[in-house]
Amino acid sequence: MKIVVAGMGYVGLSLATLLSQENEVIAVDIDQKRVDLVNQRVSPIEDKKITEYFETKDLNLKAMLDYSEALQGCYR
């Protein structure tokens with residue numbers, strides 16, 4: 001299943017990280033720096049578990065700026 005998460009604050013990034021263990025997840029944000037960090041598997045927020053998951057789990061997580069591109073192929 002493809003899931004799009006809007007925003008990569010504490011709630012959005014936590015959900016995206018957990019869901020990406022079993023699903024294709026696209027996290028969308030307006031901040032290019034956050035997008036780049038997530039795609040490099042570096043947490044843009046201070047969270048011990050997110051950092052641990054980024055370092056140890058095989059996540060199907062991609063971050064981007066473009067909502068239209070992220071929503072392609074999603075059930076609406």
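Nothing fancy with the numbering, it's 1 onward along the sequence.
- With a 4.5 Å cut-off between side-chain heavy atoms of Ile, Leu, Val, Met, Phe, Trp and Tyr, the cluster of Leu37 takes in Val42.
- Residues that satisfy the side-chain hydrogen bond (donor to acceptor under 3.5 Å, both in side chains) test with Asp36, not counting sequence neighbours, are Gln32.
- Put simply, CG on Leu19 and CE on Met1 are 10.0 Å apart, with the number rounded to the nearest 0.5 Å.
- Applying the side-chain hydrogen bond (donor to acceptor under 3.5 Å, both in side chains) rule to Glu69 yields no partners; only residues at least two apart in sequence or on another chain are considered.
- Pro44 and Val38 get closest at one heavy-atom pair: CD-CG2, 3.8 Å.
- Criterion: ILVMFWY side-chain heavy atoms under 4.5 Å apart, direct or through other members. Under it, Tyr10 and Met8 are part of a common hydrophobic cluster.
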request  = Start with the C-alpha distance between Ile45 and Arg34, add both sets of side-chain angles, then the distance that settles side-chain contact (heavy atoms from CB on, under 4.5 Å), and finish with yes or no.
outcome  = CA-CA 9 Å; Ile45 58 175; Arg34 280 183 184 235; 4.0 Å; yes
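- Contact record, Asp31 with Lys33: OD1-N, 2.9 Å, taken as the closest heavy-atom pair.
- Side-chain atoms of Asn23 never come within 3.5 Å of backbone atoms of Val25 as a donor-acceptor pair (strictly under, hydrogens ignored).
- In this structure, Leu65 is a member of the same hydrophobic cluster as Leu13, with clusters built from ILVMFWY side-chain heavy atoms closer than 4.5 Å.
- Listed for the Asp29 side chain is no donor-acceptor partner under 3.5 Å among the backbone atoms of Val35.
- Residues forming a side-chain contact (heavy atoms from CB on, under 4.5 Å) with Ile30 (at least two apart in sequence, or on another chain): none.
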Name every donor-acceptor pair, under 3.5 Å, that has one atom in a side chain of residues 48-62 and the other anywhere in the protein, sequence neighbours excluded.
{"residue": "Thr51", "atom": "OG1", "partner": "Asp47", "partner atom": "O", "Å": "3.1"}
{"residue": "Thr56", "atom": "OG1", "partner": "Glu52", "partner atom": "O", "Å": "2.8"}

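- Residues passing the side-chain contact (heavy atoms from CB on, under 4.5 Å) test with Val4 are Ile26, Val28, Ala70, Leu71, Cys74, sequence neighbours excluded.
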